[in-house]
Amino acid sequence: MDNIFEEVMEEVKNAVREFRDSRELYEAKMRFLGRTGRLTALYKKIREIPAEERPSFGQKINALKEQIEARFAALEEELRQKELAEKLAGESVDVTMPGRRAFVGTLHPVTRVRNMLIDVFAGMGFEVFEGPEIETDYYNFTALNTPADHPARDMQDTFYVSGGFLLRTQTSAGQIRLMEHKKPPIKMLSPGRVFRSDDDATHSPMFHQMEGLVVDRHITLCDLQGMLDEFARRIFGSGSKTRLRPSYFPFTEPSVEVDVSCHACGGKGCPLCKGTGWIEVLGAGMVNRRVLENCGIDPDEYTGFAFGMGIERIAMLKYGINNIKLLTENDVRFLGQFRD
Ligand code: PHE
């Protein structure tokens with residue numbers, strides 16, 4: 001009868017030799033320790049043996065049961081550790097895998113150039129002042145020495161809105177608003193949207209201008225050119241020069257067109273500057289006495305200069321953009337090219 005215990009232990013050894021997962025291990029365990037398992041059958045045998053042998057037989061079964069339980073507990077723990085290790089290995093992160101690139105936006109070229117311009121002129125002491133986009137005829141034209149019958153009104157095709165209002169055609173309108181409230185010395189920079197009924201590769205019905213205005217005692221055209229030289233060097237490169245050509249604007253006298261030496265060829269002549277070595281970048285001049293008078297500033301005491309440039313035009317020249325429409329199409333393949 002004794003070797004029955006050894007037999008069962010032997011069976012256990014064989015049974016646990018091969019199991020692939022916790023389910024198979026559980027099934028093996030139940031074959032010995034379950035309600036209909038090997039040990040239950042052994043307990044039933046107690047009734048078949050003589051009464052005096054029963055206690056020691058019972059103790060042996062109990063000892064055997066403990067042994068088997070301990071064996072399975074150890075195996076279960078072993079399996080748990082193994083499965084945990086496998087799970088962790090399966091979930092591990094491959095730190096050598098290339099990451100997914102995050103999409104980082106860029107500033108719009110018009111915004112970039114606007115910021116650069118503000119930077120250049122703020123460094124010279126200019127303050128930023130933004131006037132309204134919807135203007136009255138008075139601020140956009142009349143006060144700028146362009147009364148209703150003035151032929152210079154034809155220089156700018158205007159969008160009129162109801163109630164005597166219009167979409168400003170030039171940031172110059174802001175000059176008047178500022179000078180009505182602030183007396184010299186004035187050094188103001190006025191960036192903003194302007195609108196003209198104009199539409200081709202280099203003109204768009206909405207674009208941005210940057211206006212500059214300086215009014216003080218003893219301001220001359222030389223001061224204007226000095227500041228514009230600095231502007232040209234900062235925006236188009238240190239070798240850039242400017243030249244002034246006579247022009248006409250009703251609100252400045254004398255008026256000039258300002259050219260910058262071509263940054264593409266250095267002035268030798270190339271397709272960008274159409275062989276001339278110079279590129280027209282802005283309009284400017286000494287503030288017309290009439291304009292100062294309109295704002296209650298004495299033109300015998302004070303003089304000033306003003307300049308106005310198209311920000312899109314500066315951006316197109318600086319970055320070699322040949323069609324203004326690219327700036328409003330919002331194509332990220334285009335916009336993404338303007339990074340630091
Ligand atoms: N307002 C002019 C334009 O839009 C530019 C300009 C500004 C010229 C200031 C002279 C002085 O064309």
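The shown structure was predicted, so the numbers you read here are calculated from the model rather than taken from an experiment. Order of listing sets the numbers, starting from 1, for every ligand and every atom in it.
For residues 184-195, the side-chain hydrogen bond (donor to acceptor under 3.5 Å, both in side chains) pairs, not counting sequence neighbours, are E133-R193. The ring pair (Phe, Tyr, Trp, His ring centres under 6.0 Å) pairs that include a residue from residues 290-338 are F121-F307, Y319-F338, F334-F338, where partners are two or more places apart or lie in different chains.
Cation-pi geometry between R177 and Y139 is met: the NZ or CZ atom falls under 6.0 Å from the ring centre, inside 45° of the normal.
Protein residues with a heavy atom closer than 4.0 Å to ligand 1 are Q156, Q170, S172, R196, Q209, E211, F249, F251, T252, G283, A284, A306, F307, G308, listed by chain and number.
With a 4.5 Å cut-off on side-chain heavy atoms, Q225 and L244 count as touching.
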Could you pull out every donor-acceptor pair under 3.5 Å between side chains of residues 271-284 and any protein atom, sequence neighbours left out?
from : atom 1 : to   : atom 2 : distance (Å)
T276 : OG1    : C273 : O      : 2.8
T276 : OG1    : W278 : N      : 3.1
T276 : OG1    : W278 : O      : 3.0

- Carefully, step by step, assess E301 and R217 under the rule side chain to side chain contact (heavy atoms under 4.5 Å, CB included). CA-CA 6 Å; E301 193 181 350; R217 292 190 177 91; 2.3 Å; yes
